[in-house]
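The structure displayed is predicted, hence computed values, not measured ones. Hydrogens, waters and symmetry mates are skipped; everything else that's a heavy atom, side chains included, is used. Letters A, B, ... mirror the listed sequences (proteins, then strands); counts begin at 1.
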Protein chains: 2
Amino acid sequence: MKKVSISDIARKAGVSVSTVSFVMNDKAVKMRISREVIEKVENVAREMGYRPNQLARGLRTGKTKTIGLIVENISNAFFASMAKTIEDEAKKYDYKVVYCSTDNDETKARELISMLSQRQVDGYIITPTLGLAEEIRKLQAENKPVVLIDRYFPEHEEIPSVLVDNYAGVTEGMEYLINKGYRKIALVTIEVDMAHMHDRLQAYYDTLKKHDISVDPRLVKQVPYGYVREAALEEIEDFFSGDGKDSDAVFFLTNYLGVLGIETTKKMNIRIPEDKAMLCFDDNDIFRLYTPTISVIRQPICEIGQQAMTALIERLRHTGTEALPENAPVKLSAELVPRDSI
Amino acid sequence: MKKVSISDIARKAGVSVSTVSFVMNDKAVKMRISREVIEKVENVAREMGYRPNQLARGLRTGKTKTIGLIVENISNAFFASMAKTIEDEAKKYDYKVVYCSTDNDETKARELISMLSQRQVDGYIITPTLGLAEEIRKLQAENKPVVLIDRYFPEHEEIPSVLVDNYAGVTEGMEYLINKGYRKIALVTIEVDMAHMHDRLQAYYDTLKKHDISVDPRLVKQVPYGYVREAALEEIEDFFSGDGKDSDAVFFLTNYLGVLGIETTKKMNIRIPEDKAMLCFDDNDIFRLYTPTISVIRQPICEIGQQAMTALIERLRHTGTEALPENAPVKLSAELVPRDSI
DNA sequence: TACGGTAGCTAAAACGATTTAGTTATCTTT
DNA sequence: AAAGATAACTAAATCGTTTTAGCTACCGTA
């Protein structure tokens, strides 16, 4: 059984294709289609179960009512919740979201953008990888709005973004640790190739300095990107039995690292907070449920999603001549959630 | 700046649109396009950054190289991992996946199917809700292949599916508990409106009977669907301080319920396994990391995803006259992972 | 009586690809 | 030298919509 097309409806209702189109798009009144014809068409369409072909519609109008969401990894809790809010938010504006994961791989990210672009999405929300700025500029040049989330390009202020104040967040966490008397604070981070991670790291250094605590470079552990779980676990374990051994607290700079951290401390029988206090950037179900519960710097996930969507919609609606929306980054604040691990 | 279309390439290369199309689709040799023209076209296309418009292509060919994946909730760990495998798997066959969540709401599920159908996806992988069989039959009638995962319609064997042997899984768990000496085994489930949950519940009853343990209906707790987190937590807490109080073990029939269970036992200071042993259907990071680690019946997520994809591809390739692939449900087995909670 | 206006539709182009059926020029063959 | 074959392309239809421009009756007015 083939799908019903607009001309099937036209034939059955005894009118032209244009008339059906007008009726289906609520332009019937404007086009002075008579009451009877409108009803006739509506009835036939309902009976035959007509659903307009969005490919054809998109081809003709140039709008697909679809936005592309590119995140690092959709199976990571942070991005999964984010995706869910964005999807719900998009629905309010009658947009559909299609999402994909870069796995933080620049090549893959490029491919994804290309794929979404070929599918003619109307706009993009992107968690960028390194080196993606050029590609994003091209999208903007094609008049496709883009909003960055979570990460940004300091040298490209013309790309709108919704960010968390990473520097302030880490500073708040560090102040808290120092206030509680911790002095030998270890830091576990991934490669700081992008600005948001650099901001977090910088806040660590600056807060230590501010309190006249000498910075011990051996207390800072960088886990390289692209390591599989097991390799990353080993790295952290090595750190805890080597350079990081006599730290009295450890600050994990991402949610994923924090989970690995829990796994390692559990395996090594490191007691929290007796042997080591623990703090993590970004929340996770596990942190709330683990014994002891783990303190975190929580990012306002819903708000990020909402603001990103608002910013995008604003730009999608901006057709032509009115004043351009501001491109200044939206900066939200992350909040310290103290729990038993400190 | 407008996008480059095939006719832009044709004009610049001084050939016809058809020629460009042949070159871009590797039909140049078959169509006897000369070496020089092929190179010319390829160069122009590369220089101008030509990317074919998939809407136009899909409209013409009737194939979008896209499959729709409908799950219950993409932010649930089980479905998130599943989605990731399916996406990776699809990529191998050069398909793109677009996914969406039903939140187990029949109306929403219908809308999602309708939306995907309007966007002309080539095939579907669906975690169905109650009452979705009719809608799915319609897709099949339109020659759009569908594969069910996780859930099924016992009265509709003609819809292919990839399932876990829920009955055997729960039986294995129950046998294990009984072997370890537990006799007052409580069960926490969601509404058993669909067959897969009914199978799990039935296995509970049957195993008890087999071991001549009397079934105490008060030990079976059903948490209604659609309850928000807090309400569901309260239900479980009430159960643990009421009817379920003197059970010596508790079996949670879904991953989500298990997480709520952990939260509740933690709050109520129920010691595991001293006060109560715990077992959960379906794994989760938390169960592996919690203290004590929680025993689970693990579903083979990757295999489900792979098999579903294989089954779908087989049907997508099946154009016309050859033998139809078998529709018999693929049944995989779930595996008991014993940990410290029992 | 002729003209303008309007109500109520329809024809046809366009969007960007794919694909079938030609067309033209050159080359073989007899 | 005529006919057929082949190499190397192209024209035009098509997919299912939207949208602009236009057509046809009929009515009112001067």
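A/V37 comes within 4.0 angstrom of the backbone, heavy atoms only, and of no base. Within 4.0 Å (heavy atoms only), A/R32 reaches at least one base atom of the nucleic acid.
Taking the side chain as every heavy atom from C-beta outward, B/F22 and B/V41 never approach each other to under 4.5 Å. Two residues are said to be in side-chain contact when any heavy atoms from C-beta on lie closer than 4.5 Å; A/Q54 and B/Q120 fail this criterion. Using a 4.5 Å heavy-atom cutoff, the side chains of B/P145 and B/E314 are not in contact.
For D/dA11, the OP1/OP2 oxygens have no side-chain nitrogen or oxygen of B/S16 closer than 4.0 Å. Side-chain N/O atoms of A/N53 include none lying less than 4.0 angstrom from OP1 or OP2 on D/dC15. For B/K27, a side-chain nitrogen or oxygen approaches OP1 or OP2 of C/dT19 to under 4.0 Å.
A straight line from CD of A/Q118 to P of C/dT18 spans 11 Å, rounded to a whole angstrom. Between B/K65 atom NZ and C/dT18 atom P there is a gap of 13 Å when expressed in whole angstrom units. Atoms CZ (A/F22) and P (C/dA12) sit 15 Å apart, rounded to a whole Å. Atom P of nucleotide C/dA12 and atom CZ of A/R60 are separated by 16 Å, given to the nearest angstrom. In this structure, A/R11 atom CZ and C/dA11 atom P are separated by 13 Å, rounded to whole Å. Atom CD in A/Q54 sits roughly 14 Å away from atom P in D/dG16 (whole-Å rounding). If you measure from atom NZ of B/K30 to atom C1' of C/dT20, you get 11 Å, rounded to the nearest angstrom. For the pair B/K63 NZ and C/dT19 P, the interatomic distance rounds to 12 Å; values are reported in whole Å.
Residues A/L55 and B/S18 each lie close to DNA chain D; by heavy-atom proximity, the contact nearer the 5' end of the strand is made by B/S18. In terms of position on DNA chain D, the residue among B/L59 and B/M31 whose nearest nucleotide sits closer to the 5' end is B/M31.
Considering only side-chain atoms of A/T19, the nucleotide from C/dT10, D/dT17, C/dA17 that sits closest is C/dT10. Side-chain atoms of A/S21 lie closest to D/dT18 of the nucleotides D/dT18, C/dG16, C/dT18. The A/S5 side chain lies nearest to D/dG16 when the options are D/dT14, D/dG16, D/dC9. Distance from the side chain of A/V15 is smallest for C/dT10 among the nucleotides D/dT10, C/dT10, C/dA17. The side chain of B/S34 has D/dC9 as its nearest neighbour among D/dT18, C/dT18, D/dC9.
A distance of 8.0 Å separates CG of A/D193 from NE2 of A/H196, quoted to the nearest 0.5 Å.
With respect to B/R137 and B/E134, no salt bridge is recorded, no charged nitrogen being found less than 4.0 Å from a carboxylate O.
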